[in-house]
Structure formats: structure tokens, C-alpha cells
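Read through the structure below, which is laid out as C-alpha cells, and then see the notes.
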Amino acid sequence: MSTRRTQVAIIGAGPAGLMLSHLLHLHGIESVVLEVRDRAYVEHRVRAGVLEQGTVDLLQDSGIGERLLREGQPHEAINLQFQGERHRLAMTELTGRRITVYGQQEVVKDLIAQRLADDGLIVFEADGLTVDGVDGDDPVVRYRVDGVQHELHADFVAGCDGSYGVSKDAVPDGVLTTYERTYPFAWLGILAQAAPAVHELIYARHENGFALYSLRSPQVSRLYLQVAPDEDLAQWPDERVWAELHTRLELDGDPVRVTEGPVLEKGITPMRSLVVEPMQHRRLFLAGDAVHIVPPTGAKGMNLAIADARLLGRAFDAWYARSDRELLDAYTATALRRVWRAQHFSWWMTSMLHRFDGHDPYEEQLALSQLRYATTSQAYARSLAENYVGLLDV
Ligand code: RFL
Ligand code: PHB
């Protein structure tokens with residue numbers, strides 16, 4: 001068995017854990033990142049693609065933005081489509097801010113490369129991980145690599161291990177409260193080698209269900225379809241996926257035709273909303289999907305994970321630089337303000353754009369009325385846009 005010590009033990013090499021480790025390094029604080037998967041797996045997991053301006057600014061200000069600046073695509077508008085019409089929502093005109101399309105796995109690659117260039121330690125394939133002693137002064141994380149047992153002692157543990165993580169289990173029973181909602185549908189997503197026919201995202205409400213036209217680069221499209229929550233991927237050969245995308249995204253008399261191409265990746269994501277609080281317990285701090293999940297309709301998940309890392313970075317800096325615990329103590333309350341705003345926005349976008357089998361015609365008309373309002377009232381459009389590009393102060 002091997003034993004080592006660090007200042008902050010970070011569990012999970014997703015956006016939250018890697019960003020935190022990078023920010024701590026900039027403050028001169030040592031951390032070790034423990035990740036159950038191998039490096040190739042985390043670098044190729046296809047997920048989010050929309051970065052808020054605040055996320056882009058943080059990446060750039062902290063020295064991670066070089067490739068993002070070169071390869072990321074700034075977007076100034078999105079489209080909302082319903083009842084056979086497409087409406088452009090000019091986010092930048094309405095808010096002065098923009099989003100950037102850049103794959104989450106690219107952010108993860110950039111962060112891993114920077115941590116390794118800075119001699120940071122990321123342990124991949126850390127198995128059977130457990131967290132103990134967060135109530136006392138010497139928390140310890142135990143894990144195995146290649147069958148060899150390791151112990152990592154730390155001043156603090158940061159649980160950034162996503163929705164299936166184990167770090168929450170270190171909190172005693174009865175401390176955590178969970179707020180949760182599941183939706184009666186899932187998203188089937190594809191990544192395709194196909195030049196996108198649009199340069200701004202289309203969020204479409206259609207009688208067959210929601211569809212989203214997104215992209216990754218001038219050669220790669222990312223598209224999603226609302227499907228049943230227990231949908232079997234085997235029932236969705238590529239031809240069926242494309243046929244349904246044509247039906248839901250194309251409009252009569254409109255030049256936009258979904259471009260087809262080889263499907264590089266295909267997967268189904270269940271939709272849920274979840275908040276677990278408090279986001280801290282003594283020497284354990286939880287961040288990202290480990291404690292809050294949103295349906296992807298608002299494009300908020302990765303941005304929230306990175307916003308948590310930013311708060312924790314500042315709070316640990318105040319503690320190590322000045323023995324000031326105020327920001328650490330305030331972490332949950334501060335983070336939850338942004339988290340709940342994003343929860344509401346994501347739930348609202350989801351409710352407005354999807355087909356709910358259980359809904360009666362009255363509820364359907366309410367959803368359509370909100371879409372109509374968002375595309376005709378500047379005030380409502382601005383509210384949607386400022387949430388979408390990301391609020392500065394929440
Ligand atoms: P992650 O990325 O899940 O990383 C957690 C890491 O912890 C590891 N892990 C463990 N390591 C050690 N021991 C254990 N026992 C462990 N258990 C787990 C995992 O292997 C993993 O590497 O969480 P993090 O860092 O909190 O980041 C959250 C984001 O990944 C997530 O919110 C977004 O992907 C959500 N999301 C979107 N977010 C956006 O901001 N914009 C979007 O456009 C957007 N689109 C999406 C999305 C998520 C999607 N899926 C597939 C869920 C679109 C989709 C389809
Ligand atoms: C994506 O490009 O993967 C994407 C874009 C917008 C969303 C969700 C996912 O709301």
C-alpha cells in the first residue's frame with residue numbers, strides 16, 4: 001500500500017474537478033485528481049457543447065483559452081421553431097453577450113494537457129474509491145490502481161465525481177436534502193460527419209417531439225431528438241434518425257435541409273432535474289453534476305460545474321492565503337443561487353419545447369403561448385437570452 005498527502009483531494013476528472021485543480025494550482029495550492037476512467041475515455045466522452053461567456057472568460061483569464069479562441073465558434077443568436085415557423089432570437093443584440101460552441105471533451109483535453117504541463121497529478125483508473133473522515137481533521141481517500149491499494153490524506157476533499165459519484169456517500173445520513181424531477185422522455189443524440197446546414201442552433205417544438213440542430217465544427221453536426229425515456233437504441237438505425245430529424249427540423253418553403261453524413265456517435269440521455277444540498281459537509285465540498293443536474297435544453301450543466309469550481313478556487317485561496325473561512329462557509333449558499341436560477345431556466349425551456357404525453361390541450365396551448373411571447377416580446381426574449389448566455393451576478 002502507498003500513502004501520500006496533498007492539500008485538496010479532488011475526485012473526478014470532468015470539467016468541475018479539472019478546472020478546480022487548475023485554479024488551485026494558479027493559487028499555489030496542491031491537489032491530486034482521482035479519476036475512475038482512463039484518459040482516452042474522459043477525453044472522448046461526447047457531451048455538452050455550449051459555453052456561456054462567463055465560462056469562456058474564466059478559461060481565457062486562467063490561461064486555458066488558446067485553442068478555444070482558435071477553434072470555438074462564437075454564436076450571437078439561437079432559433080426557436082414551433083407551429084411551422086422559425087424565429088431568430090438575437091441574444092447578443094439583447095444582452096451584449098454571446099455563447100461559444102466548443103465541445104466539452106475539448107475543454108477536458110485542454111485542462112488535462114495544462115495540468116500535466118504544470119506537473120499536476122491526475123491518477124486515472126482509480127478503482128473502488130471511498131472517502132472517509134470528512135468530519136474530522138484528516139480526511140482520507142482510498143482507492144486501487146492495478147490492484148494496488150493507495151491512501152490519499154488531504155486537508156479537504158472536493159467531490160466532483162458527477163451524477164453517479166461516491167463522494168456524497170461520505171456525508172452522514174440525514175444531512176442532505178434532495179430535490180428532484182424526472183421527465184417522461186429522453187434525448188437521442190448523434191454526432192455526424194456532416195457540414196451543418198445552419199450556423200445558429202435550432203430548438204424545435206414539433207408534434208412528434210422536440211429536436212435540436214447543433215454543431216461542433218464546419219464539418220461536424222450534433223443533433224438531438226426527443227424519444228421515450230426507455231427507448232431502445234437498437235430501434236433507431238441511422239436512416240430512422242435522419243428521417244425523424246428531417247421531419248422535425250425542416251419547414252415548408254424553407255431552404256434549411258438537414259445535411260446527412262456518417263454517424264460518429266449515438267446515445268440516449270435520460271432527462272432529469274436534481275439538486276442536493278448542502279453542497280458541503282465539514283471538510284468535504286461537492287461540485288458540478290455530483291450535486292445538481294439539469295436537463296440539457298438550457299445548455300447549463302457544464303457551465304454550472306465550472307462556476308462551482310470558480311467559487312471553490314476563490315474560497316480555498318482565501319483559506320490558504322489568509323486563513324479566511326468565510327468564502328468556504330458561504331460556498332453552498334453562494335453556489336445555490338446560480339444553481340436554482342439554472343434549474344428554473346432549464347425546466348422552463350424543457351417544458352416549453354417538449355411534447356408531454358400526459359399533457360392536456362390546455363397545457364399545450366400554454367407552452368405555445370410562452371414560445372409566441374418569447375419570440376414577439378423584447379422583454380421576454382431578453383429574459384430568455386440573458387439566462388441562456390449566462391447571468392453575471394446571481
Ligand atoms: P462529469 O463530467 O460527469 O465528471 C465527473 C467525473 O468523475 C468521474 N467519477 C469518478 N472518479 C473516481 N471515482 C469514482 N467513484 C467516480 N465516479 C465518477 C467520472 O468518470 C467523470 O470523469 O461531471 P462534472 O465535472 O460535474 O461536469 C458536468 C458536465 O459533464 C455536465 O453537466 C454536462 O455535460 C451537461 N450537458 C451540458 N452542459 C452544458 O453546459 N451545455 C450543454 O450544451 C450540455 N449539453 C450535457 C449536454 C450533458 C449531456 N449528457 C450526455 C448528460 C448534452 C448531453 C447529451
Ligand atoms: C450540444 O451542442 O451538444 C448542445 C447544444 C445545446 C443544448 C444542448 C446540447 O441545449
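FYI, side chains are in, hydrogens and waters are out, and symmetry mates aren't considered; it's all heavy atoms of this structure. Numbering of ligands and ligand atoms starts at 1, following listing order.
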Angle between ring planes, F210 versus W187, binned at 30° and 60°: parallel, tilted or perpendicular? parallel
Hydrophobic cluster membership, with links at side-chain heavy-atom distances under 4.5 Å among I/L/V/M/F/W/Y: are V32 and F285 in one? yes
For ligand 1, is any non-hydrogen atom under 4.0 Å from P296's backbone (N, CA, C, O), its side chain (CB onward), both, or neither? side chain
Checking S377 now: which residues fulfil side chain to side chain contact (heavy atoms under 4.5 Å, CB included) with it, not counting sequence neighbours? Y373, A379, Y380
Pairing of R355 and E207 as salt bridge, 4.0 angstrom limit: no
Ignoring hydrogens and angles, state whether a donor on the side chain of R240 or Q235 is under 3.5 Å from an acceptor on the partner side chain. no
Can a side-chain donor-acceptor contact be found between W236 and E244 if the only test is distance below 3.5 angstrom? no
Protein residue, atom and distance nearest to atom 39 (C) of ligand 1, heavy-atom basis: M302 N, 3.1 Å
Any N or O of G301 closer than 3.5 Å to N or O of ligand 1: yes
Salt-bridge contact D137-R283 (side-chain N to carboxylate O under 4.0 Å): yes
Between C160, P15, G165, G12, flag the one that comes closest to atom 5 (C) of ligand 1 by a heavy atom. C160
To which protein heavy atom is atom 52 (C) of ligand 1 closest, and what is the distance rounded to 0.1 Å? T269 CG2, 3.5 Å
If the cut-off is 4.0 Å to any non-hydrogen atom of L34, which atoms of ligand 1 fall inside it? 11 (N), 12 (C)
What do you reckon, does V36 have a nitrogen or oxygen under 3.5 Å from a nitrogen or oxygen of ligand 1? yes
Heavy atoms from other residues, nucleotides or ligands near CZ of R5 exceed 12 (cutoff 6.0 Å): yes
Top protein contact for atom 15 (N) of ligand 1, by heavy-atom distance: V166 CG2, 3.6 Å
To which protein heavy atom is atom 4 (O) of ligand 1 closest, and what is the distance rounded to 0.1 Å? G14 CA, 3.4 Å
Assess, by modelled atom type and distance only, whether the side chains of Y183 and S273 contain a donor and an acceptor separated by less than 3.5 Å. yes
Residue contacts for ligand 2, heavy atom to ligand atom, distance under 4.0 Å: R47, G49, V50, W187, L201, Y203, L212, S214, R216, R222, Y224, P296, T297, A299
Heavy-atom proximity to atom 54 (C) of ligand 1, best of W187, Y224, Y164: Y224
Do N303 and ligand 1 have an N or O pair less than 3.5 Å apart? yes
Applying side chain to side chain contact (heavy atoms under 4.5 Å, CB included), can you list everything that pairs with A154, at least two apart in sequence or on another chain? T6, A9
Atoms in ligand 1 with a heavy atom of V42 nearer than 4.0 Å: 22 (O)
Measure R45 to ligand 1 on non-hydrogen atoms and call it side chain, backbone, both or neither using the 4.0 Å cut-off. side chain
Hey, which atoms in ligand 1 end up nearer than 4.0 Å to a heavy atom of G288? 26 (O)
Residue A305 vicinity, atoms of ligand 1 by number, heavy atom under 4.0 Å: 26 (O), 27 (O), 28 (C)
Of all protein heavy atoms, the one nearest atom 47 (C) of ligand 1 is A48 CA, 3.6 Å
Which option out of A186, S163, G162, G159 puts a heavy atom nearest to atom 23 (O) of ligand 1? G162
Under a 3.5 Å threshold, yes or no: a donor from one side chain and an acceptor from the other, between Y224 and R222? yes
Closest protein heavy atom to atom 43 (O) of ligand 1, given as residue, atom name and distance to 0.1 Å: G49 N, 3.3 Å
Hey, can you tell me if F345 and W348 have their rings parallel, tilted or perpendicular (30° and 60° cut-offs)? tilted
What is the closest protein heavy atom to atom 20 (O) of ligand 1, and at what distance does it sit? E35 OE2, 2.6 Å
Give me the nearest non-hydrogen protein atom to atom 31 (C) of ligand 1 as residue plus atom name, then the distance to 0.1 Å. D289 OD2, 3.4 Å
Check this for me, if you would: do D135 and R282 make a salt bridge, where the nitrogen-to-carboxylate-oxygen distance has to be below 4.0 angstrom? yes
Run the side chain to side chain contact (heavy atoms under 4.5 Å, CB included) test against Q114 and tell me which residues pass, sequence neighbours left out. H22, I64, D118
Nearest heavy atom to atom 33 (C) of ligand 1: which of M271, R47, Q104 does it belong to? Q104
Exercise: do E386 and T95 side chains pair donor with acceptor under 3.5 Å: no
Distance under 4.0 Å to a non-hydrogen atom of R37: what atoms of ligand 1 satisfy this? 20 (O)
Find all atoms of ligand 1 within a distance of less than 4.0 Å from any non-hydrogen atom belonging to A16, and give their numbers and elements. 25 (O), 26 (O)
Does V123 belong to the same Ile/Leu/Val/Met/Phe/Trp/Tyr cluster as L111, with side-chain heavy atoms less than 4.5 Å apart forming each link? yes
Other residues, nucleotides and ligands only: do more than 12 of their heavy atoms fall within 6.0 Å of CD on E66? no
